[in-house]
Novice: 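Can you keep this structure in mind? I'll have questions shortly.
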Amino acid sequence: MSSNLLAGLNPEQLAAVTLPAVPALILAGAGSGKTRVLTTRIAWLMSTGQVNAHGILAVTFTNKAAKEMLTRVGAQIPVNARSLWIGTFHGLCNRLLRLHWRDAGLPEAFQILDAGDQLSAIKRLLKALNIDDEKYPPRELMHFINANKEEGRRPGEVEAWDDYTRQMKQLYEEYERQCRREGVVDFAELLLRSYELLRDNHALRQHYNARFRYILVDEFQDTNRLQYKWLKLLAGKGDALGNLLARVGGVGRVSNPTGPAGASPAGGAPHRARGPAGAGVAVGDDDQSIYAFRGANVGNMADFQNDFRVETVIRLEQNYRSHGNILDAANALISHNRGRLGKNLWTEESAGDPIRVFEAASDFEEAQFVVDEVKQLHRDGTPLADMAVLYRSNAQSRVLEHALFQSGLPYRVYGGLRFFERQEVKHALAYLRLIHNPDDDNALLRVINFPARGIGNRTLEILGETARGVGCSIWQAACSGGAGRSAAAVGKFVTLIETLRSQAEGLSLPEQVSLVTEQSGLIETYRSDKEGQDRLENLAQLVAAAARFVQENEDSVTGFLTQASLEAGEHEAAPGQDALQLMTVHAAKGLEFHAVFLTGVEEGLFPHDNSISDPDAVEEERRLAYVAITRARRRLYISLAQSRMLHGQTRFSVASRFLSEIPQDLLKWLNRGYAPAAMPSRPAEKQAPEHGLRIGASVEHPKFGVGVVVDYDGAGKNANVQVNFGSAGLKWLALEYARLTLLS
DNA sequence: TAACAGAGAAAAAAA
DNA sequence: TTCTCTGTTA
């Protein structure tokens, strides 16, 4: 059987798939068949009888990647999806904590706070404590808390040398208390809590060490410190052994034991000579590390090599995606970074097309260029969905969207709110939470006055104070009356929730969701809102999602709520229409397209202003550019604009340094030299003309026909306008003489 | 309570 | 420029 599995692998892939049970690092370049290697290895391990599904743990970062891995393994070998632990860090931690909630000190049905929930919980905390949120902004506190958790630090371990940090530390502690009281867990807490569970519970740790004989980690360059520590524990290499940590003498930091790490006999559990501790495989690409800003630590790759004394490093450098010129450009660009682990992509494919470069006079013109090229490629047979327009920052999408909209090309923008983050969905889920746990203050505050029922800030303040005074939940405070003038309204809300609860009794999950959306008044509110159509649609979708959940999993409210927090759903529920893809470079990681347009390749934008003064940050930008380039299979366009509207101002920029780091013989400048001169000069700088012929206005000329105003200068008698008459050409006309009629 | 105006910020983002 | 948040006002 295994020969089938291994067919078609190149020598490096084969080596990676059939690695013995030793720790190994696989440096997998873009498009080198990384996922295939991972899934084939899992299938190979099982089909050769080295391990059963039970003994494998595979970790990814996104639900999408986890799902894909599971599907592909399933296609190669029959597996029981339940016994195979493939998932995201958070998904797997959740699984662990649900199994061992008691040992982890959590309530059985603990709730998960997503980022938005966490922020509102923090705001509520600050209010309750009467903290000036100007001095201690909620977002900053949230960042402080998460950053510390991601370093594995509880409040007690935070070093505070100044008043500000001392206060933040204090608030971190209060926040934890609040979470404990409410039985909720934020994203970082999932990780930290399950890390601590394994660290402090020897029996449990040994159980999992023995169980997970093979651990595979995807996108290893994106792991943060805590995730790495967690992996180490699971692999049985723990800094878990408190003695080991102490002996190495670090200050509580997980530095690398320089000696023979796991082999320490000094107290604690003796390690097996082979086996569990040895089987970790990390797959990553340091050149594609683009998430340092959210705590990813590329250094984990080097630490892994040291801590696990990795002797096997496999490089997957053959690229199955792009043509040669594209890879050469990527290789050349990334070679400007220092301290790489080193890797050079190559392909058996031909060099292919040169990289097309377009320098536009303005962002407007750049967008137009993209539109024209996309149209051309589409006419030549490339599906729109196989083309992507990439940009560094979301703000750039506006002008692109505008041009696309004008041209009538269907497009799809990634980013923005996702399904379970939409307010109507969150409202509905809050009602669902409340009928199962009315003490959930977060949920209660979200909907106590939505739909509006006459409970304002003042009332909430009174309720909050009462609750705090008594030490009970807001719900209990609401039940005990004493809500001042709005007592009646509060009473009605209490009755509503209680009615909902009794009605929900015995209903299935989808029925409960449906009940809640209707009886709470949500549906009615959105129906009377002229812009509520989409929201109604989403509420219906929510019921459908609940039905699907019950079918695929179990009839469990907690399970559904967990999934809602852990899998926020798709960005766009767009139909399967063939549409051009618009997204940030970050969002494009892991994807590939026939043609890629990398836009805004200008100093100040890419690399971004905020990075330019920091060499490390510039390197991350360069990696980002590398990711962007390697998305393209056949065609790569790089465009830039000499001027662009940014924050309401026109700014002028020059080509990005990244462009000059690509060998010029790989580039084909589509318009260098003549372009800037032939283009209309910076319309944005001009004041509106008194003659009313603004740029973009349509005009008619008796001889030239219909055209569009692209520029103007002068005033009064000397006023001139430049009009693009299409086939009749671009003309400068003196307003005093030309008989122009304004059409729009 | 709800509507409105003025201020302030605008890099990237998974779970 | 435009979106979001906050504080004020009807």
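This one's a predicted model, so the numbers in the text were calculated from it and none came from an experiment.
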Novice: Spell out protein contact along nucleotides 3-10 of chain C as letters: B when the base is contacted, S when just the sugar-phosphate is, - when no protein heavy atom is under 4.0 Å; keep the 5' to 3' order.
Specialist: S-------

Novice: Pick the closest DNA chain B nucleotide for A617(A) and for N457(A) by heavy atoms, then say which residue is nearer the 5' end.
Specialist: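 By nearest-heavy-atom nucleotide position, the 5'-most residue is N457(A).
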
Novice: Return the stacking result for dA11(B) and H608(A): yes when the ring centres lie under 5.5 Å apart and the planes under 30°, no otherwise.
Specialist: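 Stacked: ring centres under 5.5 Å, planes under 30°.
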
Novice: What is the separation between atom CD on Q118(A) and atom P on dA13(B), rounded to the nearest whole Å?
Specialist: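 After rounding, the reported distance stands at 19 Å.
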
Novice: Between dA13(B), dA15(B), dA11(B), which one does the side chain of L566(A) approach most closely?
Specialist: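 Out of dA13(B), dA15(B), dA11(B), the nucleotide with an atom closest to L566(A)'s side chain is dA15(B).
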
Novice: With stacking defined as ring centroids separated by under 5.5 Å and planes differing by under 30°, is F293(A) stacked against dA12(B)?
Specialist: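 Stack criterion met.
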
Novice: Which residues pass the salt bridge (charged side-chain N to carboxylate O under 4.0 Å, His left out) test with E176(A), not counting sequence neighbours?
Specialist: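 Counting only residues at least two positions away or on another chain, E176(A) forms a salt bridge (charged side-chain N to carboxylate O under 4.0 Å, His left out) with R154(A).
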
Novice: Measure from CZ on R644(A) to C1' on dA11(B) and round the result to the nearest Å.
Specialist: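 Nearest whole value for this atom pair: 14 Å.
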
Novice: Looking at Y208(A) versus H100(A), is the centre-to-centre ring distance below 6.0 Å?
Specialist: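 Between Y208(A) and H100(A), the centre distance is under 6.0 Å.
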
Novice: Specify whether Y291(A) and H586(A) have parallel, tilted or perpendicular ring planes, treating 30° as the upper limit for parallel and 60° as the lower limit for perpendicular.
Specialist: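 Judged by the thresholds at 30° and 60°, the geometry between Y291(A) and H586(A) is tilted.
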
Novice: Does the dA15(B) base have a donor-acceptor partner in the side chain of D114(A) within less than 3.5 Å?
Specialist: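 Under the 3.5 Å cut-off, the side chain and the base do not form any donor-acceptor pair.
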
Novice: Counting neighbours of OH on Y637(A) that are heavy atoms of other residues, nucleotides or ligands and sit closer than 6.0 Å, is the number greater than 12?
Specialist: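 Yes.
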
Novice: When the distance from CD of E150(A) to C1' of dA14(B) is rounded to whole Å, what number comes out?
Specialist: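 Roughly 11 Å, once rounded to whole Å.
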
Novice: Looking only at atom P, what distance separates dC5(C) and dA12(B), rounded to whole Å?
Specialist: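 Straight-line distance between the two P atoms is 16 Å.
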
Novice: What residues form a salt bridge (charged side-chain N to carboxylate O under 4.0 Å, His left out) with E461(A), not counting sequence neighbours?
Specialist: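 Partners of E461(A) under the salt bridge (charged side-chain N to carboxylate O under 4.0 Å, His left out) test: R458(A).
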
Novice: Does CZ belonging to F293(A) count more than 12 external heavy atoms closer than 6.0 Å?
Specialist: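 Above 12, so yes.
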
Novice: What is the nucleic acid contact for L92(A), judged by heavy atoms within less than 4.0 Å: base, sugar-phosphate only, or nothing?
Specialist: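 No contact at all - L92(A) keeps every heavy atom at 4.0 Å or more from the nucleic acid.
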
Novice: Base, sugar-phosphate, or nothing: which does A188(A) touch, judged by heavy atoms less than 4.0 Å apart?
Specialist: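 Contact class for A188(A): none.
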
Novice: How close or far is atom C1' of dA13(B) from atom NE2 of H90(A), stated in whole angstroms?
Specialist: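 Atom-to-atom, H90(A) to dA13(B), this comes out as 12 Å.
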
Novice: Tell me whether R631(A) is salt-bridged to E592(A), with the criterion being a basic N under 4.0 Å from an acidic carboxylate O.
Specialist: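 A salt bridge is absent here (no side-chain N lies under 4.0 Å from a carboxylate O).
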
Novice: Does the dA13(B) base have a donor-acceptor partner in the side chain of R294(A) within less than 3.5 Å?
Specialist: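 It does not, because no donor-acceptor pair links the side chain of R294(A) to the base of dA13(B) below 3.5 Å.
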
Novice: Using a 4.0 Å heavy-atom cut-off across all strands, classify D609(A) as base, sugar-phosphate, or nothing.
Specialist: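 The answer is nothing, as D609(A) stays clear of every strand by at least 4.0 Å.
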
Novice: May I ask you to say what D222(A) touches in the nucleic acid, namely base, sugar-phosphate or nothing, with a heavy-atom cut-off under 4.0 Å?
Specialist: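 Here D222(A) touches no strand at all.
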
Novice: Considering only atom C1', compute the distance from dA14(B) to dC3(C) and round it to an integer number of Å.
Specialist: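 Roughly 24 Å separates the two C1' atoms.
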
Novice: Between dA11(B) atom C1' and R392(A) atom CZ, what is the distance in whole Å?
Specialist: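 After rounding, the reported distance stands at 5 Å.
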
Novice: In this structure, how many angstroms lie between the P atom of dA11(B) and the OH atom of Y414(A), rounded?
Specialist: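 Roughly 24 Å, once rounded to whole Å.
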
Novice: Between L598(A) and F606(A), is there a side-chain heavy-atom distance shorter than 4.5 Å?
Specialist: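 Answer yes - side chains close enough.
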
Novice: Tell me the interatomic distance from I290(A), atom CD1, to dA11(B), atom P, rounded to whole angstroms.
Specialist: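 To the nearest whole Å, that distance equals 17 Å.
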
Novice: Confirm from the modelled atom types if T584(A) and dA13(B) form a donor-acceptor pair under 3.5 Å, side chain to base only.
Specialist: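 There is none.
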
Novice: Given atom CG of L624(A) and atom C1' of dA11(B), what is their separation to the nearest angstrom?
Specialist: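 In whole Å, dA11(B) C1' and L624(A) CG are 10 Å from each other.
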
Novice: Between dA13(B), dA11(B), dA15(B), spot the one nearest the side chain of A587(A), thanks.
Specialist: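 For the A587(A) side chain, the nearest candidate turns out to be dA13(B).
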
Novice: Using a 3.5 Å distance criterion without hydrogens, assess whether the side chain of Q368(A) forms a donor-acceptor pair with backbone atoms of A403(A).
Specialist: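 No.
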
Novice: Rounding to an integer number of angstrom, what distance separates dA11(B) and dT4(C) when you compare their P atoms?
Specialist: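 Roughly 15 Å separates the two P atoms.
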
Novice: Classify N394(A) by what it touches in the nucleic acid, base, sugar-phosphate, or nothing, heavy-atom distance under 4.0 Å.
Specialist: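 Sugar-phosphate, backbone atoms only, no base.
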
Novice: By nearest atom, which of the nucleotides dA10(B), dA15(B), dA12(B) is closest to the H647(A) side chain?
Specialist: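 Given the options dA10(B), dA15(B), dA12(B), the side chain of H647(A) is closest to dA10(B).
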
Novice: Need one value for Y291(A): base, sugar-phosphate or nothing, where a base atom within 4.0 Å counts as base even if backbone is also close, heavy atoms only.
Specialist: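 Sugar-phosphate: the residue Y291(A), judged by heavy atoms under 4.0 Å, touches backbone atoms but no base.
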
